[in-house]
Undergrad: 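Okay, here's the structure, questions in a sec.
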Amino acid sequence: MATIVYAMLTSLDGYIAGPSGDIDLPVPEEELHQHFNDEMRRTSIALCGRRMYETMRFWDSLEREIAAEEVERDFAHAWRATPTIVFSTTLQEVGPNARLVKGDVEGVARSLRADTDGEISVSGAELSSHLARAGLIDEYRLYMHPVVLGGGKPYFQSGLSLALKPLGTEQLAQGVTLLRYAPIEID
């Protein structure tokens, strides 16, 4: 059975995107990027909402093979090798190595969790919030960047209430601190 993990870079004040909706966090440099490359290679299946998937399509481009630094080419290979499930009611098609699902987020996630070994990554605040409400997130990984955005899209969506227990912390490059948590079941 797989572990479902919601992991995102976030500002110190808890935002994964700035007020404009753009990802206003510093771009990972080589050492931090390598950490994310390793995480992607450990991912059995990636679950994405529409907006996050459209952002990540950047890595599908063959131009990444020519114009990118080695660490970026490495990530592009890992991304393209990872099966991806895209949850969207508006997209009509998805790129290579991806499957479009228009409904039943909870049922698909439950089935994937039962039938997969390793880690299933979740990207996107709205998708993760839906899965969290259904009790399907096993671990939260907040990659806290030492910047303050002052507003924007929060890591945790409004109205989501969770009790969490710490699993550990890790200091990474660029001053990023990884905070790991698991949900606590409340009787």
Side-chain angles (χ1 to χ4, degrees), residues 1-10 16 23 28 32-61 64 71-143 155-157 160 162-170 172 178-186:
M1 185 157 108
T3 300
I4 299 180
V5 177
Y6 172 40
M8 297 285 293
L9 267 170
T10 181
I16 60 174
I23 299 174
L32 183 58
H33 210 302
Q34 188 59 55
H35 173 85
F36 292 123
N37 294 7
D38 295 342
E39 289 293 312
M40 181 53 64
R41 269 193 293 286
R42 280 193 290 274
T43 300
S44 299
I45 299 173
L47 306 181
C48 295
R50 180 192 55 83
R51 282 184 214 86
M52 185 54 68
Y53 177 69
E54 288 175 335
T55 298
M56 295 302 288
R57 286 294 311 265
F58 171 82
W59 299 104
D60 282 337
S61 167
R64 301 309 311 148
V71 72
E72 293 173 333
R73 285 192 299 273
D74 182 47
F75 184 85
H77 286 279
W79 164 257
R80 290 194 301 259
T82 304
T84 302
I85 308 295
V86 182
F87 294 95
S88 172
T89 58
T90 58
L91 287 177
Q92 297 304 313
E93 62 183 10
V94 292
N97 211 29
R99 179 170 57 113
L100 180 61
V101 175
K102 295 212 175 250
D104 196 17
V105 172
E106 191 176 320
V108 169
R110 283 186 198 286
S111 177
L112 289 169
R113 179 201 246 171
D115 298 339
T116 305
D117 291 323
E119 285 188 1
I120 297 173
S121 71
V122 177
S123 297
E126 290 159 21
L127 176 59
S128 68
S129 180
H130 186 84
L131 295 175
R133 284 185 178 92
L136 291 170
I137 305 283
D138 298 301
E139 184 176 333
Y140 296 87
R141 294 181 188 158
L142 292 84
Y143 289 88
Y155 178 94
F156 292 108
Q157 291 289 296
L160 181 63
L162 297 169
L164 302 171
K165 66 180 176 186
L167 297 176
T169 63
E170 184 178 346
L172 302 172
L178 168 58
L179 304 173
R180 296 177 52 232
Y181 296 92
I184 298 172
E185 292 189 31
I186 300 173

Undergrad: Under 4.5 Å between any side-chain heavy atoms of Asn97 and Arg80, yes or no?
TA: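 They are not in contact (no side-chain heavy atoms under 4.5 Å apart), so the answer is no.
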
Undergrad: Would Leu131 and Glu106 count as a side-chain contact (heavy atoms from CB on, under 4.5 Å) here? Give the steps.
TA: CA-CA 7 Å; Leu131 295 175; Glu106 191 176 320; 5.6 Å; no

Undergrad: How about Leu91 and Glu54: do any of their side-chain heavy atoms sit closer than 4.5 Å?
TA: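 They are in contact (side-chain heavy atoms under 4.5 Å apart), so the answer is yes.
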
Undergrad: Roughly how far, to the nearest 0.5 Å, is the OG1 atom of Thr82 from the CE atom of Met40?
TA: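 So the CE of Met40 and the OG1 of Thr82 are separated by 5.0 Å.
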
Undergrad: Taking the side chain from Ser128 and the backbone from Ala125, do they hold a donor-acceptor pair closer than 3.5 Å?
TA: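 A pair under 3.5 Å: yes.
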
Undergrad: Give me the atom names and distance for the closest heavy-atom approach of Pro96 to Arg57.
TA: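 Answer, listing the atom of Pro96 first, then Arg57: CD-NH2, 4.3 Å.
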
Undergrad: Any side-chain heavy-atom pair from Thr116 and Met1 closer than 4.5 angstrom?
TA: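 They are not in side-chain contact.
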
Undergrad: Would you mind checking if Glu126 and Arg51 are paired as a salt bridge, meaning a charged N to carboxylate O distance below 4.0 Å?
TA: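 The answer is yes: the pair qualifies as a salt bridge.
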
Undergrad: Check whether any side-chain heavy atom of Ile184 sits under 4.5 Å from a side-chain heavy atom of Leu164, and report yes or no.
TA: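 Counting from C-beta outward, Ile184 and Leu164 never come under 4.5 Å.
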
Undergrad: Go through Ile120 and Thr43 one step at a time and tell me if the side-chain contact (heavy atoms from CB on, under 4.5 Å) criterion holds.
TA: CA-CA 6 Å; Ile120 297 173; Thr43 300; over 6 Å; no

Undergrad: Dump the intermediate steps for side-chain contact (heavy atoms from CB on, under 4.5 Å) on Arg180 and Thr169, then the final yes or no.
TA: CA-CA 6 Å; Arg180 296 177 52 232; Thr169 63; over 6 Å; no

Undergrad: Report yes if the side chains of Ser123 and Tyr53 come closer than 4.5 Å at any heavy-atom pair, otherwise no.
TA: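 Counting from C-beta outward, Ser123 and Tyr53 never come under 4.5 Å.
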
Undergrad: Quick check: closest heavy atoms across Gly118 and Ser44, and the distance to 0.1 Å?
TA: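 Answer, listing the atom of Gly118 first, then Ser44: CA-OG, 3.7 Å.
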
Undergrad: Within this structure, what is the CG-CH2 distance for the pair Asp74 and Trp79, rounded to the nearest 0.5 Å?
TA: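 Those atoms lie 15.0 Å apart.
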
Undergrad: Are Leu112 and Leu47 packed together at the side-chain level, in the sense that at least one heavy-atom pair is separated by less than 4.5 angstrom?
TA: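 A side-chain contact under 4.5 Å exists here.
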
Undergrad: How many angstroms lie between OH in Tyr181 and OH in Tyr140, if you round to the nearest 0.5 Å?
TA: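 Output value for this atom pair is 13.0 Å.
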
Undergrad: How far does CD1 of Ile85 sit from SG of Cys48, to the nearest 0.5 angstrom?
TA: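 Reported value, rounded in 0.5 Å steps: 9.5 Å.
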
Undergrad: Distance-only, no hydrogens or angles: does the Arg113 side chain make a donor-acceptor pair with backbone N or O of Leu136 under 3.5 Å?
TA: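 Indeed, once roles are kept as given, a pair shorter than 3.5 Å links the two residues.
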
Undergrad: Return the CD1 to CG distance between Ile16 and Leu9, rounded to the nearest 0.5 Å.
TA: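 One finds 10.0 Å between CD1 of Ile16 and CG of Leu9.
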
Undergrad: Just by distance, do the side chain of Ser88 and the backbone of Thr90 share a donor-acceptor pair under 3.5 Å?
TA: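 Answer holds: yes.
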
Undergrad: Working to the nearest 0.5 Å, report the span between CG of Leu178 and NE2 of His35.
TA: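 With rounding to 0.5 Å, CG (Leu178) is 5.5 Å from NE2 (His35).
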
Undergrad: Near Leu179 CG, under 6.0 Å, is it more than 12 heavy atoms from other residues, nucleotides or ligands?
TA: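 Yes, CG of Leu179 has more than 12 neighbouring heavy atoms, counting only those of other groups under 6.0 Å.
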
Undergrad: Looking at Arg141 and Glu39, is any side-chain nitrogen of the basic one under 4.0 Å from a carboxylate oxygen of the acidic one?
TA: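 Between Arg141 and Glu39 there is a salt bridge, with a charged N closer than 4.0 Å to a carboxylate O.
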
Undergrad: Has the side chain of Thr10 got a donor or acceptor atom that lies under 3.5 Å from a matching backbone atom of Leu142?
TA: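 Pair absent, no side-chain N/O of Thr10 close to backbone of Leu142.
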
Undergrad: Aromatic ring centroids of His130 and Phe87 under 6.0 Å?
TA: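 Not under 6.0 Å, so no.
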
Undergrad: Could you report the tightest heavy-atom contact between Gly103 and Val108, atom names first, then the distance?
TA: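 Nearest heavy atoms, Gly103 then Val108: O-CG2, 4.3 Å.
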
Undergrad: With heavy-atom distances below 4.5 Å as the criterion, would you say the side chains of Phe156 and Ser129 are in contact?
TA: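 No, their side chains stay 4.5 Å or more apart.
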
Undergrad: The test is side-chain contact (heavy atoms from CB on, under 4.5 Å); show your working for Lys102 and Leu100 and say whether it passes.
TA: CA-CA 7 Å; Lys102 295 212 175 250; Leu100 180 61; 3.9 Å; yes

Undergrad: I'd like to check Asp138 versus Glu119 (side-chain heavy atoms, cut-off strictly below 4.5 Å). Are they in contact?
TA: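 Asp138 does not reach Glu119 side chain to side chain.
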
Undergrad: Looking at every non-hydrogen atom in both residues, tell me the closest pair between Met8 and Gly124 and how far apart they are.
TA: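 Of all heavy-atom pairs spanning Met8 and Gly124, the closest is SD-N, 3.9 Å.
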
